[in-house]
Structure formats: C-alpha cells, structure tokens
There are 2 protein chains.
Amino acid sequence: MTIREVAKHAGVSVATVSAVINDNKYVSDELKHKVLQAIKELNYRPNRWAKSLATGKGYTIAYIVPDITNPIFSRITKGIQGVANEKNYSVILCSTNFDSPTRRRYVDWILEMRVDGVVFTGRHGRESLTEITRLQDAAIPVVTALAPSDVTDMDRVLLDDRESSRLAVRFLKESQCQRIAFVGVRQSTTSKERYRGYSDEIADYCPEQVAYGEDFTWDDGYQAAQQLTKNGALFDGVFAASDIMALGVIACLKEHGRDVPEDVQIMGFDNTYAQWSGQGFASMSIPAFEIGVKAAQMLFDRISEIEIPGMQELFMASLAVPRVRPSLNPNLNLNLKE
Amino acid sequence: MTIREVAKHAGVSVATVSAVINDNKYVSDELKHKVLQAIKELNYRPNRWAKSLATGKGYTIAYIVPDITNPIFSRITKGIQGVANEKNYSVILCSTNFDSPTRRRYVDWILEMRVDGVVFTGRHGRESLTEITRLQDAAIPVVTALAPSDVTDMDRVLLDDRESSRLAVRFLKESQCQRIAFVGVRQSTTSKERYRGYSDEIADYCPEQVAYGEDFTWDDGYQAAQQLTKNGALFDGVFAASDIMALGVIACLKEHGRDVPEDVQIMGFDNTYAQWSGQGFASMSIPAFEIGVKAAQMLFDRISEIEIPGMQELFMASLAVPRVRPSLNPNLNLNLKE
DNA sequence: GGACTGCAGCTAACCGGTTAGCCAGGAAAT
DNA sequence: ATTTCCTGGCTAACCGGTTAGCTGCAGTCC
C-alpha cells in the first residue's frame with residue numbers, strides 16, 4: 001500500500017496526499033476528505049523508512065545503559081520513554097552489560113541507524129568517553145545521565161551524591177548515632193562521592209570508619225561489615241553506599257548478635273530495597289524517573305535548537321524513612337507510597 | 001557519504017560496493033581491496049533507512065511490556081536484547097504502563113515502522129488480544145511471553161505457575177508447616193494459577209485459608225494478612241503470590257507478634273526480594289532471562305521460517321531457599337548466587 | 001576462425017516517501 | 001480586454017541503498 005495507490009484511488013496527486021497526511025499545506029476540504037476516505041478504505045499507513053530516507057529524520061533516540069535490570073536504570077528508561085513517545089519518537093534500548101565491545105558495537109550501530117540522539121548512562125571511564133566522542137563527531141547529540149565525569153562541557157544530568165549523602169549521614173546523627181561507619185565500593189566514582197559527603201558531615205563529629213567492597217553487591221556489603229567488626233570498630237550507625245550492600249551489612253551484623261535498628265542504625269542509598277525489606281533502615285531515594293525525563297527533555301532541546309551551551313542539571317536524593325506500622329504511626333506513612 | 005561517492009572514490013560501480021559490503025557476490029580481491037580502502041578513507045557507513053526501504057527488512061523487533069520497571073520484565077528484556085543483538089537486530093522498547101490507549105498507540109506505530117516481529121508481555125485481557133490480532137493481520141509475527149490466555153494457536157512462552165506453586169507449597173509442607181494459607185490477587189490470572197497449585201497441593205493436607213488483595217503490592221499483602229489474622233485463622237505457613245506481597249504479610253504478622261520464620265514460615269513467588277531481604281523466607285525463582293531468550297528465539301524462527309505450527313514453551317520456577325549465614329552453612333549457599 | 005559459455009562488473013530501475021518548482025485558471029488591477 | 005498576481009494542485013527529481021539483467025572479455029570446443 002503506497003502513497004501512489006492512495007493518490008490514484010482518491011483521484012489526486014501524491015503531493016496532495018502527502019500534504020494531507022502531514023497537514024503542512026493548504027488543501028481544499030473536498031480533496032482532503034477524498035484523501036482521508038481513500039486512506040481509510042485502503043487501510044494505508046505511511047512507510048517510516050521512506051519517510052526517514054526522504055526527510056533525513058529518523059524519529060528515534062537510543063538509550064545506552066550498562067544494565068537494564070538495575071531498578072534505577074529501568075526507572076530512568078521509563079522516564080525517557082515517556083518523553084520520547086510524547087514527541088512521537090521511539091527509543092531503542094542498548095543494554096551493554098558493562099561490556100566495552102558490546103558498547104562499541106552499539107555505537108557503530110547507532111551511527112548507521114542515523115539515530116537522532118542518545119542518552120548515555122553508566123560508568124564514565126576512558127573508553128565510554130571515546131564512544132561518546134565518536135557519536136558527537138558524527139553530529140549526534142548526546143546527553144549523559146548519572147554518568148559523572150570530568151568533562152564539563154557536555155549536556156548532562158547528575159545526582160548530587162555528595163550533598164545527598166550529607167543528608168543521609170545527618171539523619172543518622174539526628175537519630176542519636178554517635179559513631180558512624182561508611183561502607184562503599186573501592187573503584188566507584190559514585191561511591192567516592194558518597195564517601196565525600198560522609199566525610200564532610202562526620203568531620204567534627206566522630207572518627208571516620210570505612211570499609212570497602214569491590215562492587216555494589218550483597219556479598220560485598222556483608223564482607224565489608226565483616227571487616228569492620230573484625231577490626232573491632234565501635235559504631236552504632238552505618239551508612240552504606242547502596243541498599244543491597246546495606247542488606248549485606250545488616251545480615252552480617254545480625255550474625256554478630258547486633259540488633260538492627262536497636263543497636264546499630266543503618267542507612268542505605270538508592271531506596272531500591274529499604275522501603276520494602278522490613279529491616280527498618282532508611283535510604284536515599286533517587287528521583288530516577290525524573291532524571292530520565294529531564295535527560296530526554298535536554299536531548300530534544302539539543303535536537304531542535306542548534307547551539308546551546310553545555311547544559312547541566314543537578315538532582316538531589318530525598319530521605320526515605322523506613323516504613324512503619326501504618327496503624328501506629330499514620331502520619332509518617334503519608335509520603336512514603338512508592 | 002553515499003555508496004555512489006564510495007564507488008567513485010574507489011573507481012568501481014555502486015553494485016560492486018554493495019556486493020563487497022554485503023559479501024554476497026564474488027568480487028575480485030583487487031576491487032574488494034580498493035572498495036574497503038575507500039570505505040575506510042571516507043569513513044562510510046551504509047544508511048539503514050535506504051537499506052530497509054530497498055530490502056523491505058527493518059532488522060528491528062519490538063517488545064511490548066506493561067512496565068519495564070518490574071524486575072521480571074526487565075530481565076526478560078535483557079534476554080530478548082541479547083538474542084536480537086546477536087542477529088544484528090535492534091529492539092525498540094514499548095512500556096505501556098498498563099494503559100490501553102498507550103498500548104494502542106504503540107501498535108499503530110509498530111505497524112508503520114514495519115517492525116519485523118513483536119514480543120508481547122502482560123495481562124492478556126480482551127483488548128490486548130485485539131492489539132495482537134491487529135499485528136498478526138498485518139503479517140507481523142508475535143510471540144507472547146508470560147501472557148497466559150485461552151488462545152492456544154499462538155506462539156508463546158509461559159511459566160507453569162500452577163506446577164511451580166505446588167513445588168512452593170510442597171516446600172512449606174516439608175518444612176513442617178501444618179496449616180498453610182494463601183495470599184493472592186483477586187483479578188489476576190497469574191494469581192489464580194498460583195492458587196490452583198496451592199489448592200492442588202493442600203487438598204488432602206489441611207483446610208484452605210485464603211485472602212486476597214487487589215494488586216501485587218506490599219500494601220495488599222499487608223491487608224490480606226490482616227484479614228487472615230482478623231478471621232482468627234490458624235496457620236503456621238503462608239504462600240504469597242509474590243515476594244512484595246510476602247513482605248507485606250511478614251510486616252503484618254510481626255506487628256501481631258508472630259515471628260518469621262519461627263512461628264510462621266513464608267513462601268514468596270518470583271524471588272525479586274526474598275533472597276536479599278534478610279527476612280528468611282523462600283521464594284520461587286522465575287527464569288525470566290531465559291524466558292526472554294526463548295521468546296526471542298521463537299520470534300526469529302517465525303520470522304525466517306514461513307509456516308510452523310503454534311509453538312509453545314513451558315518454563316518452571318525453581319525453589320530459592322533463603323540465604324543463610326555463609327560461614328555456618330556453606331553448602332546451602334552454593335547455587336544461590338544471583 | 002567462429003560460436004558458445006561463464007562470469008566479473010556495470011547500468012539503471014526500483015523501494016515509498018518529500019518537496020521544489022511549474023502550471024492553470026480565477027480575481028484584481030490597469 | 002489584457003496583464004499581473006495569487007494559489008491549489010500537479011509533475012518529477014531526489015533521498016541512498018539493492019538487484020535484475022546486460023555487457024564485454026577470456027577461455028573452450030569443434
């Protein structure tokens with residue numbers, strides 16, 4: 001079913017049909033009606049490929065993400081998706097599994113698909129930077145989301161991990177914790193920032209006590225807690241760089257006979273589990289959906305406007321207090337709904 | 001940068017360049033070399049749109065999913081993604097947020113994008129069936145994944161919720177539970193199947209005790225448990241239709257002073273939280289990644305082979321015992337790694 | 001030597017849209 | 001009455017690939 005068949009059926013020219021479809025030229029009501037009629041009768045749908053080829057616009061953006069399985073990232077995806085669809089763009093998903101060759105292949109691909117823009121999420125090592133540069137060299141707009149880096153002239157939306165972490169630690173302080181420890185991930189930029197916030201906030205308050213794992217996992221949290229206790233550290237509060245690590249920490253502490261939250265209070269980060277785990281620990285909620293929305297909006301700004309200086313947007317995480325017995329403490333429950 | 005420029009640069013015809021790129025015709029080594037040289041020098045990349053227009057193949061599949069944020073669905077996505085990429089297909093993501101109009105718009109869209117195939121996940125109500133039919137009418141292959149329905153002549157991959165649930169309940173029985181209750185979701189087909197398994201297994205064992213919520217949420221789990229206790233039901237085991245509901249149940253029971261797992265043993269389903277929550281409850285692990293892989297494979301089978309009868313694939317969930325203290329019980333820990 | 005065969009490589013049409021530029025015919029101006 | 005202007009609608013070229021079918025040359029056979 002092509003536009004020419006529709007034209008023939010309606011007794012008009014292809015230009016007229018095209019004008020009706022795109023509503024970008026005046027067409028008399030009579031012809032317009034005929035054309036619409038013909039389209040309906042033939043159940044015609046314009047061919048996206050032909051349109052893209054002719055106009056040079058693909059109405060597609062790509063989202064490059066290390067792991068779609070990560071709840072934070074899938075919420076970002078949702079945000080991007082929403083904005084894109086509103087503008088009639090489709091989003092193609094590129095989940096790289098933290099693998100550089102895969103990431104490289106995706107970029108090759110994006111290049112030949114003539115995608116209109118890319119949102120990029122993930123660790124921002126040297127090689128990711130190369131990929132981003134390749135995209136930009138091909139004049140494809142890129143916005144990074146949650147991908148901290150030193151490159152400042154890039155459109156990006158970030159989370160203020162440092163400041164958010166100060167809020168987290170401040171909450172522990174306000175909850176009567178005297179000695180607060182930090183559990184993080186050695187090589188992670190994100191974890192480093194969260195440590196910074198911890199360090200800032202703890203400075204004139206108590207000595208630093210820190211333990212690291214290699215990755216944001218339950219096991220690494222468990223092991224880090226093991227280290228802390230093994231070193232005979234005294235603490236009544238732990239700030240962990242992620243919820244899943246916090247759960248590892250809690251498991252370890254309980255094994256050592258320390259009650260949570262009675263003996264030790266725990267603070268997580270990202271609020272992926274805290275709210276639901278029933279372990280009574282607080283966390284920092286990352287506005288991931290909003291971050292996705294913002295990133296997509298910035299991307300579309302870039303796509304339409306030609307030259308705007310490197311935009312930047314900073315989000316804060318918000319405190320999520322553990323769910324409590326709804327009946328006993330109804331007022332605390334108000335804004336904790338997912 | 002077009003194929004014609006490359007041809008000119010290399011001093012050959014466009015047909016030759018095309019043949020080299022697609023490696024589908026014999027070309028002398030000399031010319032092949034010249035062409036590859038030219039491609040490299042000009043940094044040429046074939047245009048996907050033109051290719052698709054000419055060949056009628058888009059190398060794209062779509063994944064329609066109610067909510068990408070659901071961990072099970074995002075794992076399915078990952079599986080699909082992997083298979084598709086291997087075959088040089090891209091996958092465009094359509095997260096409908098359980099909204100029919102949105103779903104409808106996606107299908108319109110898929111139709112005009114001439115996508116090669118669709119994987120469909122989600123509740124399988126009447127309207128989703130309409131959408132699927134629309135796709136099939138346009139000769140677009142569809143495979144449903146985790147979308148139970150009465151339509152049997154459709155390619156689909158399913159989870160055997162009933163049989164898996166029997167395994168779940170059997171585990172509770174083997175753990176010395178005498179009276180096992182079920183907590184489910186009233187309108188859900190999935191929940192209904194899980195109830196069936198429960199019912200099968202409990203038949204000659206103990207009386208049925210059942211409570212329902214309206215959705216798979218923490219609150220609904222909590223409320224259902226409330227009901228159970230209010231009705232004065234006696235139970236020492238609860239099988240919940242999902243982990244998040246199980247967590248709601250646990251919270252409620254603890255408020256009533258019942259210890260988990262000492263007084264009451266809990267069984268979840270989907271293993272999204274059980275493993276990590278530290279609440280010591282078991283769950284049934286859904287092989288979501290594998291389901292995604294299988295669905296994609298079936299879709300590609302359909303795309304290449306013209307006529308194969310309605311294929312069907314049934315997966316089972318597997319028992320995931322709660323994580324225990326690694327040091328104390330190392331052997332149980334073996335196959336529980338994520 | 002001429003006819004025939006095989007095949008590397010070329011030309012040009014085609015996929016299905018968009019759109020610059022042209023044309024026809026009615027209205028307004030002279 | 002003629003010229004000019006305006007504009008709705010049309011024709012045809014173009015986007016950048018693929019590919020059917022042709023060309024011309026070298027080798028083979030009678």
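Each chain gets a letter, A, B and so on, in the order the sequences are listed, and its residues count up from 1. Treat the numbers as computed from the prediction; the structure is a model and nothing was measured.
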Practice task
Look at A:K51 and C:dG16 and indicate whether a side-chain polar atom (N or O) is within less than 4.0 Å of OP1 or OP2.
Solution key: no
Exercise for the section: Indicate whether OP1 or OP2 belonging to D:dC15 is found under 4.0 Å from a side-chain N or O atom of B:N47. Expected result: no
Problem - Over 12 non-hydrogen atoms of neighbours within 6.0 angstrom of NZ in A:K57 - result: yes
Handout entry: Sugar-phosphate, base or nothing in reach of A:T55, heavy atoms under 4.0 Å
Key = sugar-phosphate
Problem - Salt bridge flag under 4.0 Å for residues A:K8 and A:E5 - result: no
Handout entry: Value in whole Å for how far the C1' atom of D:dT19 lies from NZ of B:K57
Key = 17 Å
Problem - Residues B:T133 and B:T130: side-chain donor-acceptor under 3.5 angstrom - result: no
Handout entry: Side chain of B:S18 (C-beta onward), nearest among D:dT18, C:dT11, D:dC10
Key = D:dT18
Problem - Euclidean distance, B:I3 CD1 relative to B:R45 CZ, rounded to 0.5 Å - result: 14.5 Å
Every protein N/O lying under 3.5 Å from an N/O of nucleotides 5-9 of chain D:
unit_1 : atom_1 : unit_2 : atom_2 : d
D:dG9  : OP1    : A:S28  : OG     : 2.7
D:dG9  : OP2    : A:S28  : N      : 2.9

Practice task
Say whether B:T96 and B:Y106, considering side chains only, have a donor N or O and an acceptor N or O under 3.5 Å apart.
Solution key: no
Fill in the blank from the handout: B:E112 atom CD is separated from C:dG16 atom P, nearest whole Å, by 15 Å
Practice task
For B:R4, report the nucleic acid contact type (base, sugar-phosphate, nothing); a contact means any heavy atom under 4.0 Å.
Solution key: base
Fill in the blank from the handout: Side-chain contact check for A:T2: nearest option of D:dT19, D:dG16, C:dG16 is C:dG16
Problem - Integer-rounded Å distance: D:dT19 C1' and B:N22 CG - result: 11 Å
Handout entry: Separation of atom CG in A:L53 from atom C1' in D:dG16, rounded to whole Å
Key = 5 Å
Exercise for the section: Would you mind reading off the distance between A:I3 atom CD1 and D:dA12 atom P, rounded to a whole angstrom? Expected result: 17 Å
Problem - Value rounded to 0.5 Å, distance of CZ in A:F120 from OH in A:Y63 - result: 10.0 Å
Practice task
Taking the six-membered ring of B:F300 (Phe, Tyr or Trp), confirm whether the NZ or CZ of B:K87 is under 6.0 Å from its centre and within 45° of its axis.
Solution key: yes
Handout entry: Gap between atoms NZ and C1', on B:K8 and D:dG16 respectively (whole Å)
Key = 14 Å
Problem - Rounded interatomic separation in angstrom, taking CD from A:E5 and P from C:dC15 - result: 10 Å
Problem - Gap between atoms CZ and C1', on A:R48 and D:dG17 respectively (whole Å) - result: 19 Å
Practice task
Specify the residue among B:R114 and B:V14 whose closest nucleotide of DNA chain C lies further upstream toward the 5′ end.
Solution key: B:V14
